[in-house]
Amino acid sequence: MSLPHAILTALLEKPSSGLELTRRFDKSIGYFWSATHQQIYRELGRLEEAGLIRELPSQVPVRGQRKEYEVLAAGSAELARWVGESQDPKAIRDPLLLRIRAAGVVGPQGLAGELRRHLELHRRQLAVYEAIEEKDFPPERDGDEDRLRRLVLHGGIGLETFWLRWLEEALGEVEGMTEPDAAAGESTAKRRGQRAAPAPPDRGA
């Protein structure tokens, strides 16, 4: 149920067309809840049918003009109800964590490069969040709405910071496993070779 509530939130912040909502999802809301163009348009139709939003009347009807929507009182009430609703945290389902677990069984071949790639992606995302904070939340902006938006942004910054620390730890562990394992393999091979070597001839014969 989160996508319709994300749309209601965006429309309460600013009445928008479906295209404008798509752009806003790509640039801001999408950082914590993504949606495709088709999903947004589909939800707009459902919300309008449910009486939670309405199309804004156009003062000058123009053919092909984009429809803009605003939230009705029922939509505001539904969003307020949802804000106070009890909801359990979602379980983490990250393929990278499972792949690391699998590497414990089959070995970490190729995993270090993937961890470095993830590190770079999270560094870039953290830089994006920090740039947004510097640009959009100067110290003089301290209204309730701005404080709560900043709180969401700080959540994103905290998550990226966590992933960077964890990935650096994981990369250190994986890189530390590679050489010792190879050395252990060489030692094992040598021991096997020694055991398989023929016995020296009996000089007393």
Side-chain angles (χ1 to χ4, degrees), residues 1-98 121-122 124-163:
M1 288 294 290
S2 293
L3 178 56
H5 295 100
I7 292 175
L8 287 172
T9 300
L11 290 178
L12 276 172
E13 291 173 344
K14 179 186 176 184
S16 303
S17 67
L19 181 59
E20 288 169 339
L21 280 174
T22 300
R23 290 171 178 164
R24 291 171 65 190
F25 266 71
D26 287 343
K27 293 181 179 179
S28 58
I29 296 173
Y31 289 132
F32 55 89
W33 196 270
S34 60
T36 65
H37 181 82
Q38 291 82 1
Q39 287 172 324
I40 289 172
Y41 271 87
R42 188 161 55 244
E43 285 300 335
L44 284 171
R46 290 172 179 167
L47 290 168
E48 186 175 24
E49 187 176 338
L52 302 181
I53 66 172
R54 70 166 183 171
E55 180 186 347
L56 281 171
S58 175
Q59 295 181 353
V60 183
V62 178
R63 192 174 209 178
Q65 186 179 33
R66 299 189 191 100
K67 296 179 181 179
E68 285 199 343
Y69 297 90
E70 68 174 357
V71 179
L72 297 172
S76 296
E78 167 56 24
L79 190 60
R81 181 204 65 77
W82 181 72
V83 166
E85 187 180 66
S86 176
Q87 187 173 33
D88 293 336
K90 297 291 184 183
I92 296 175
R93 294 170 60 91
D94 193 313
L96 183 61
L97 299 178
L98 183 58
L121 291 172
H122 284 286
R124 291 178 190 172
Q125 191 60 65
L126 178 60
V128 169
Y129 287 156
E130 290 175 339
I132 291 173
E133 182 174 35
E134 183 177 356
K135 176 178 177 291
D136 294 343
F137 298 101
E140 60 271 16
R141 288 184 61 174
D142 199 32
D144 288 347
E145 186 175 344
D146 289 325
R147 289 166 62 189
L148 293 177
R149 286 177 177 172
R150 187 187 294 115
L151 184 64
V152 174
L153 183 60
H154 283 178
I157 289 172
L159 284 172
E160 295 304 323
T161 302
F162 159 77
W163 279 114

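All heavy atoms count here, side chains included; hydrogens, waters and symmetry mates do not.
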Heavy-atom distance under 4.5 Å between the side chains of [X] and [Y], does that happen here?
X: Tyr129; Y: Gln125; value: yes
X: Ile53; Y: Glu70; value: no
X: Ile40; Y: Phe25; value: yes
X: Trp82; Y: Leu8; value: no

side-chain contact (heavy atoms from CB on, under 4.5 Å) partners of [X], counting only residues at least two apart:
X: Asp88; result: none
X: Pro89; result: none
X: Leu72; result: Arg54
X: Glu134; result: none

Pairing residues for [X] by the side chain to side chain donor-acceptor pair (under 3.5 Å) criterion, not counting sequence neighbours:
X: Arg124; answer: Glu120
X: Glu160; answer: His122
X: Glu48; answer: none
X: Glu85; answer: Arg81

Could you give the distance from [atom1] ([X]) to [atom2] ([Y]), rounded to the nearest 0.5 Å?
X: Leu47; Y: Arg42; atom1: CG; atom2: CZ; value: 12.0 Å
X: Leu98; Y: Ile92; atom1: CG; atom2: CD1; value: 13.0 Å
X: Lys67; Y: Leu19; atom1: NZ; atom2: CG; value: 14.5 Å
X: Leu153; Y: Arg150; atom1: CG; atom2: CZ; value: 9.0 Å
X: Thr36; Y: Leu3; atom1: OG1; atom2: CG; value: 8.5 Å
X: Gln39; Y: Leu21; atom1: CD; atom2: CG; value: 13.0 Å

Residues which pass ring-ring contact (aromatic ring centres under 6.0 Å, His included) with His37, listed by chain and number, not counting sequence neighbours: Tyr41
To check you understand the geometry: which heavy-atom pair defines the closest contact between [X] and [Y], and what is its length?
X: Leu96; Y: Asp94; answer: N-OD1, 2.8 Å
X: Ser16; Y: Arg24; answer: OG-NH1, 2.9 Å
X: Gly51; Y: Ala74; answer: O-CB, 3.7 Å

Residues in salt bridge (Lys or Arg N to Asp or Glu O under 4.0 Å) contact with [X], at least two apart in sequence or another chain:
X: Arg149; answer: Glu13, Glu145
X: Arg46; answer: Glu43
X: Asp136; answer: none

Working for side-chain contact (heavy atoms from CB on, under 4.5 Å), residues Ser17 and Glu68: CA-CA 4 Å; Ser17 67; Glu68 285 199 343; 4.2 Å; yes
Whether Thr161 side chain and Leu159 backbone form a donor-acceptor pair below 3.5 Å: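 Absent.
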Donor-acceptor pair, side chain of Glu130 and main chain of Ala127, under 3.5 angstrom: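 No; zero donor-acceptor contacts below 3.5 Å.
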Step-by-step side-chain contact (heavy atoms from CB on, under 4.5 Å) determination, Leu44 to Leu11: CA-CA 10 Å; Leu44 284 171; Leu11 290 178; 4.1 Å; yes
